[in-house]
2 protein chains.
Amino acid sequence: MWHMARPRKPLLSRARIVACALALVDDEGLQAVTTRRLAAELGVRGPSLYNHFRTKDDILDAVADAVCADVDLSMFEPYTEGAEAAEGAERAGSTDGPGAADWQDALARWARSYRAALAAHPHIVPYLARGPGRRPSQLRMADAVFGALTAAGWSRAQATHIGATMRYFVAGSALGSFARGFVDDAELYARDYPHLDEAHLLAEYQQRVDDGAFETGLRALLAGLAQPRDD
Amino acid sequence: MWHMARPRKPLLSRARIVACALALVDDEGLQAVTTRRLAAELGVRGPSLYNHFRTKDDILDAVADAVCADVDLSMFEPYTEGAEAAEGAERAGSTDGPGAADWQDALARWARSYRAALAAHPHIVPYLARGPGRRPSQLRMADAVFGALTAAGWSRAQATHIGATMRYFVAGSALGSFARGFVDDAELYARDYPHLDEAHLLAEYQQRVDDGAFETGLRALLAGLAQPRDD
DNA sequence: ACCTGAACACCGTTCAAGT
DNA sequence: ACCTGAACACCGTTCAAGT
């Protein structure tokens, strides 16, 4: 009789579930997200979630999508319309000319924003790896990058390859960084791996390395892409 | 009484468990590996595994390590001894000179072997993301790369950054490729993402893209690294 | 439509009991 | 030392029952 069964106003919504799940992931990690725990956090019972999502994985997919939705894509906006028809665009391979550096700059800004979005929620990154790239925000990213690159003069095949390459690098960098590297066990390793002294094992050092490696790789990637090739 | 409790010869060994778990991962995916299922596959009961591994994650760590152990490191062998003292090594940034291209070639061969090792066991790749880089084979890789790069004349900081960059790219590429990309639902997407037509949604197409993107990125990365910089 | 308790078929892991 | 059955505290998910 006081079985509160259906409230006059829904207690849950997809948005509220996703926000709560993201907070839980950020605070306690992926494995803290169980249907019962998440429901409790929302003041509700486990099965209630299934009125709003088909499975738990669908919830985490939505969380991952929300994180990717934070990636800035505004640097591609100049390209988003009439991209296909930009006949005047000179060969993208050349390093001079007014528009030549634009795509490099846009890619760099996108890559940094992408990485920052993942760094803001490190615990979801391993899950991002599992789920495929068919989530809306990821498709939106792929579409924006592809559009900008073709508008800059790259062929469709080249644009696809470059976009994928950038995605590989950013995702790998996020994983390599946030899925934690070395531990501070110190010289236990030093004996077996002569080049890796204890300096490599400090977490704060690791953080600087990750930042440095990302910038090094990003610069190299963009410089290498701008260089003429023979394929 | 016919409680076969302890056999005269152990039924299990770490090696047998790891091999069986890897086969199970390859055949049916990560989620098929439960302690009960794996034990059954080994002709044994679930709890028996705990005589050989502390947790299930330790088993999967060992599987991941076994996969990484397949990566070829022989291209770094010329550098593994006396690496630190290679005084004669000219500045690695220059593109000419006999030893200059060597490290690029070694990195390329390593990256391809690394990717191939992961491609051979795609279902474990998402797990590799979770576990940190403190596994023996990964440390061995890091050590070999670092040694070769410093021997080629790179500073310790640069060698660290380059090694991490390469790892980011290969790992990201493996994830991006094997954690499945687009699906073949076709023009459902075509409406929302104008640049991604149905050609992008075919799995075989995706496979060619992954291969092409990997080679494009690898070449760009190495070319960009060889280019002089100002830091 | 949306939340509930009860139930199902699982998990990973512990442990005393066997040999 | 190494395998066993039984048990514990969980899972994700289904479903009839409530409003």
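Side-chain atoms are counted along with the backbone in the values below, which use heavy atoms only and exclude waters and symmetry mates. This is a predicted model, so every value here is computed, not measured.
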Engineer: I need the CZ-C1' distance between A/Phe53 and C/dC3, as an integer number of Å.
Structural biologist: 17 Å
Engineer: Where are the stems of DNA chain D, defined as at least 3 consecutive Watson-Crick or wobble G-U pairs with both distances under 3.5 Å?
Structural biologist: C:4-8 with D:12-16, C:12-16 with D:4-8
Engineer: For B/Asn51 and C/dT19, what is the distance between atoms CG and P respectively, to the nearest whole Å?
Structural biologist: 17 Å
Engineer: Is a side-chain donor or acceptor of A/Arg135 paired with a backbone partner of A/Asp65 at a separation under 3.5 angstrom?
Structural biologist: no
Engineer: To the nearest Å, how far apart are B/Arg14 CZ and D/dC2 P?
Structural biologist: 12 Å
Engineer: Between residues 25-35 of chain B and DNA chain C, which residues have a heavy-atom gap below 4.0 Å?
Structural biologist: B/Val33, B/Thr34, B/Thr35
Engineer: Rounded to the nearest angstrom, tell me the gap between atom CZ in A/Arg36 and atom P in C/dC11.
Structural biologist: 15 Å
Engineer: Can you classify the ring geometry of A/Phe169 versus A/Phe214 as parallel (below 30°), tilted (30 to 60°) or perpendicular (above 60°)?
Structural biologist: parallel
Engineer: Measure from NZ or CZ of B/Arg156 to the centre of the six-membered ring of B/Phe146, then state whether that distance is under 6.0 Å and the direction lies within 45° of the axis.
Structural biologist: no
Engineer: Would you tell me if any nitrogen or oxygen in the side chain of A/His52 comes within less than 4.0 Å of OP1 or OP2 on C/dC3?
Structural biologist: yes
Engineer: Examine distances only and state if a side-chain atom of B/Ser113 and a backbone atom of B/Trp110 form a donor-acceptor pair shorter than 3.5 Å.
Structural biologist: no
Engineer: Which nucleotide wins on minimum distance to the side chain of B/Pro47, given the candidates C/dT13, C/dC3, D/dC3?
Structural biologist: C/dT13
Engineer: On DNA chain C, check which nucleotide each of A/Gly43 and B/Arg37 is closest to and give me the residue with the more 5' one.
Structural biologist: A/Gly43
Engineer: Does a side-chain N or O from A/Arg45 land closer than 4.0 Å to OP1 or OP2 of C/dG5, or not?
Structural biologist: yes
Engineer: Between D/dG12 atom C1' and A/Leu49 atom CG, what is the distance in whole Å?
Structural biologist: 11 Å
Engineer: Less than 4.0 angstrom from a charged side-chain N to a carboxylate O is my criterion; do B/Asp211 and B/Arg115 meet it?
Structural biologist: yes
Engineer: Consider the side chain of A/Ser48, meaning its heavy atoms from C-beta on, and name the nucleotide among C/dT4, D/dT13, D/dC3 that approaches it most closely.
Structural biologist: C/dT4
Engineer: What is the distance, to the nearest angstrom, from the CD1 atom on A/Ile17 to the C1' atom on C/dC3?
Structural biologist: 12 Å
Engineer: Under the rule for side-chain contact (heavy atoms from CB on, under 4.5 Å), what residues qualify as partners of A/Ala21, not counting sequence neighbours?
Structural biologist: A/Leu38, A/Ile59, A/Val63
Engineer: Under 4.5 Å between any side-chain heavy atoms of B/Val25 and B/His121, yes or no?
Structural biologist: no
Engineer: Take the protein atom OH of A/Tyr50 and the nucleotide atom P of D/dT13, then report the distance between them rounded to whole Å.
Structural biologist: 3 Å
Engineer: Evaluate the side-chain proximity of A/Ile124 to A/Asp26: yes if any heavy-atom separation is below 4.5 Å, no if none is.
Structural biologist: no
Engineer: Check this for me, if you would: do A/Arg109 and A/Asp72 make a salt bridge, where the nitrogen-to-carboxylate-oxygen distance has to be below 4.0 angstrom?
Structural biologist: no
Engineer: Closest approach to the side chain of A/Pro10, judged atom by atom: which nucleotide of C/dC3, D/dG12, C/dG12 is it?
Structural biologist: C/dC3
Engineer: What integer distance in Å separates B/Lys9:NZ from D/dC3:P?
Structural biologist: 12 Å
